[in-house]
Every structure is written in C-alpha cells, then in structure tokens.
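The next block holds one structure in the form of structure tokens; read it before the comments.
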Number of protein chains: 2
Amino acid sequence: MPESEVLVGSAAPDEEPPMHASIYEELRRRLITGKVVPGVGLSTRGLALELGVSQMPVRDALSRLSAEGAVVIRSKRKIEVPPMTRDRFADLLDCRLLLEPVAAMAALPHIDTETLAQLRRIDADLDRAIETGDVIAYMECNSAFHFGLYRASGRTTLNRLIETLWLQFGPFMRTVYSDYGAAKLIDQHRLALDAIEVGDGEALRRAIASDIADGMGLIGHRGLESDIVT
Amino acid sequence: MPESEVLVGSAAPDEEPPMHASIYEELRRRLITGKVVPGVGLSTRGLALELGVSQMPVRDALSRLSAEGAVVIRSKRKIEVPPMTRDRFADLLDCRLLLEPVAAMAALPHIDTETLAQLRRIDADLDRAIETGDVIAYMECNSAFHFGLYRASGRTTLNRLIETLWLQFGPFMRTVYSDYGAAKLIDQHRLALDAIEVGDGEALRRAIASDIADGMGLIGHRGLESDIVT
DNA sequence: GCTTTCAAACTGTGATCGCAGGAGTCGCGA
DNA sequence: TCGCGACTCCTGCGATCACAGTTTGAAAGC
C-alpha cells in the first residue's frame, strides 16, 4: 500500500474499485505530488488516450476533482489546473493552519510504535530526496508523512477537507520547490516526530503549524512574485 | 438570486451553465435544506426520470456530490445519503467550529449596510419559519443567513470547505429538527447581527461558535440516541 | 409462519456517438 | 508587421445502449 494513498479511502475493502476510482487516484497523485503544474490544460479525451481507457471513467474522475477545486472546467476545450494567485494561496495556507494542527493533535493518542517507526522511515526517505534534489520524491514523502500522521486520527471528515487542500496547492508548490531548489529545503518534521515520541500534543500542534507556515508559507510567498503564477 | 445559492459559484457569469451544474444545484439545495434525509437511496435513472433529463448530467452531479461526501456510492444499485453516526457527527461539528467563526470574522470588514440589512431580512424570515413550525423553511433561512455572511469574506477556499460540511449534515439535522419540533428552535443569530452592527469581530466569532454549538451541537446530539440514525 | 432459492428487475459503469461552441491557426489587408 | 476575420479542429456535454452485478420479491418447502 503506497504511503501517499488517498487520505480517506472510499472503495469497499477486498473489492476491485471501478475504473473511474482508479483514474481518480492516479490524477489525485499527480496533483498532490506536483506532476501536473498550474495552467496546464487537461482534456477528457487526452487523458483517456494516455491512460488507455474511454472517456467515461475520466469524466467521472474529473467531475470529482472539479468538485474538490483541484481542476476547473472553464468552458469547451478548457479544463485546467488553476493558476495560483496571492489571495488564493493565502486562503489555502490559512485553511491548512486551521485544520492540520488539529488533525495532528487528534492523531497523537492513536500513534503506536509501529506508526511512529513508519513515519520515521518516511522522514528518512524525505531527507534523501532533499539530498538528491528530487522535488517530486520530496513531495511524495511530504504528503506520505502528513497523511500517515493525520490518518491515525480517524477524523474522516477533517481528513477529507485536508486532502482537498493538498489537491489544490500541490501543483503550485511543485513549481515553487523546483525554482527554489530541493537541496535548499529543510526537513521540518523532526520537531513533530520528537513531540510524538514524548506524547506532547501542544508541541506537536506547534510543530505542524510551523512546518506549514515555514514550508509552504515562507517559500510559497516567494513563489508569488506577481498575482498570477504559471 | 436565491439567498441560499451555492456559497462558491462556479459558472461563468452571463452564461447558461451546463445542465449538470443545474442538477448539481438542485441536489445540493435538497441536501442542505434536508429535503432528502439520511438512509434514502438515490439512483441516476430515478433522478433523471424525475428531473426530466438523461442519466449523464445526473451522473456528473452525483460524482461531484460523492466527492464532497454528501452521497456515497456503495455498490451497484446503492447510492445513498449516508446515515449519521456519533463519531461522524462530532467530526462535522468540530470542523464547523474550526472554520465558520473564522469565515465570519473575515467577512466582518466587508459587510456594508445593504448586506447587513439583507441578513436581518433573512433572519426575520427565519423567525417566521420558527413561528409556523416549518422545518424546511427554517433550514433554508439558516443556510441563507450563514452563507450570506460567509460569502462576504471572499474566502473562496474556506467557503468551499464550509459548504461541503453543510452538504453532509443537512439531511441529518432536518430529521433532528423535525423530531425536536421547529417551534422549539431558538433564533441564535441576534447576537451575530448585533456584533456585526457594532463591528466587534471577537463577539461575532463567539456568536457564530455558540450558534453552531447550541443549534447543531446540543440538538444534534439529542438526535443521536444510538450510533445509527435513519 | 419462516426460511431458502431462484428469477426478475434495477442499478452503476463503461463505451460510443453526435452536437454546438470555443479555442487556435492561418491568411489577407492595411 | 500587426490585427482581424474566417475556417478548422478539438472540446465538454448530453444522449443512448449494453453489460455485469446487486437487490428485491415471489414461490416453494419445511
């Protein structure tokens, strides 16, 4: 099971999900890890051709993603990952700061030694991604870490909201990290891991909040030289 | 323009939206105002027949609503508004308390006398709904009031998250208010309106938080006698 | 009256097609 | 060289159909 799997699973266990669900997963992964960037145009036929399926499952997947604000269907011939603006970025950042520290605190009582060990492994992978300057790998590890932590909370509604935020900022942050240089990124998760180890909920909340404010906040604003960023 | 219109509009202005968007609006309204209740089964063909359209636009609309957690597609022959559970209810309530007071505070600087007058009119209509014991009208006015307030914030991302929460708890609260009796409901918006009048952000935040905690919190928990409610 | 089995009905899903509209490209004239 | 208009291409969307699977209801047996 990939660690950056959907934060809130919807497929019934032991069942093969419908094709549109698999395609949704694939597109979601691309968005969260920045494999698609803002301004990129998408089309149901183009994606169907690329993924070797018909239009229908792609349509269903794109309907879901549009409901989650990840893509915008502007008109005929224009589905796109919306460009980021200063206002929208600030809105996204603020929403993350409202929700994710709470999810982390709620997760704390449920994090056993196996879960903590897994988070440490993910963080070690993230460190390697920073060392090699691999932005995509960094983003994969980053989402795996956060989702692995929040999932332990069992807060399905909260986690679902969090995931829609990640769908929306992933593409933009990918371009920002690429411009910034992955080698310059800093692993902000040590404080969070330490807080988990000693069971300090308030320290965990602060660590997650500062991870978000520093990681996405400071670097993200640098990426917003003008109102529109592609 | 109906006051309980979608909190975050997506159709381009001056353009006729695609049929699936209109159907999404209609289903959204039914969920938020409780015209459909938990446990009710839906089907694409059934809704298409009722609404006089083909299956495709209904499918697209249901894909969006499923992405927003408003309906769940469990299997062949089983789309439903999920029954409420105690855990899910607590999760929803907590998320509302995290997001809506912030949206209200963010809205405050942007509320002119015309917007305040409109909110007062909506609140007067809500009072009449309480007097006549009309639960559906009460829920329509309640969402119109909150959305009218939050929309002024301009916080599109935040408002979108809030709307998905309303889609999820609307059906359940409708049954709760019906059992409770609409005539026993209390207008909790006076404090909010007063806080807006004097420009007191902190008072507005507290008023919205207590509106949510009292209105949905206390009454909602009464509706959850067991883990599963239809 | 209850349980089990089977058949029918209904469903979500995937596929395909056609339409109308918008985007993109190219050519021509100033 | 630039702008505008015409034309082409590609698209989202709506409609329809078929399939496989699930649910429902009826009938038979105990």
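Labels below follow one simple rule: chain letters A, B, ... track the order of the sequence lines, proteins then strands, and each chain is numbered from 1. Note that this is a predicted model, so its numbers are computed, not measured.
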Find the distance [X]:[atom1] to [N]:[atom2] and express it as a whole number of Å.
X     : N      : atom1 : atom2 : value
A:I73 : D:dT11 : CD1   : P     : 14 Å
B:D60 : C:dG12 : CG    : C1'   : 14 Å
A:L47 : D:dG12 : CG    : P     : 9 Å
A:R64 : C:dT13 : CZ    : P     : 10 Å
B:L49 : C:dC10 : CG    : P     : 11 Å
A:M19 : D:dC19 : CE    : P     : 17 Å
B:K78 : C:dG12 : NZ    : P     : 12 Å
A:I79 : C:dA23 : CD1   : P     : 13 Å

Would you say [Y] and [X] are linked by a side-chain donor-acceptor pair, where the criterion is simply a distance under 3.5 Å?
X      : Y      : answer
A:D112 : A:T115 : yes
A:R174 : A:S178 : yes
B:Y24  : B:H20  : no
A:W166 : A:E68  : no

* **Residue met sooner reading DNA chain C from 5', once B:S43 and A:R59 are mapped to nucleotides** => B:S43

* What nucleic acid atoms does A:M56 come within less than 4.0 Å of, heavy atoms only: base, sugar-phosphate, or nothing? -> base

* Name the nucleic acid region contacted by A:L42, choosing base, sugar-phosphate or nothing; use a 4.0 angstrom heavy-atom cut-off, strictly under. => sugar-phosphate

Pair of N/O donor and acceptor under 3.5 Å linking [N] base with [X] side chain:
X     : N      : value
A:R74 : D:dG12 : no
A:K76 : C:dA23 : no
B:R77 : C:dT11 : no

* Structure fact -> Of D:dG14, C:dA9, C:dG22, the nucleotide closest to the side chain of A:S75 is C:dG22

* Structure fact -> Which of D:dG14, C:dA15, D:dG12 is nearest the side chain of A:R45? It is D:dG12

* Asked: Does A:F169 reach the side chain of A:F89, with side-chain heavy atoms less than 4.5 Å apart?
  -> no

* Asked: Is there a side-chain polar atom (N or O) of A:T44 under 4.0 Å from OP1 or OP2 of D:dG12?
  -> yes

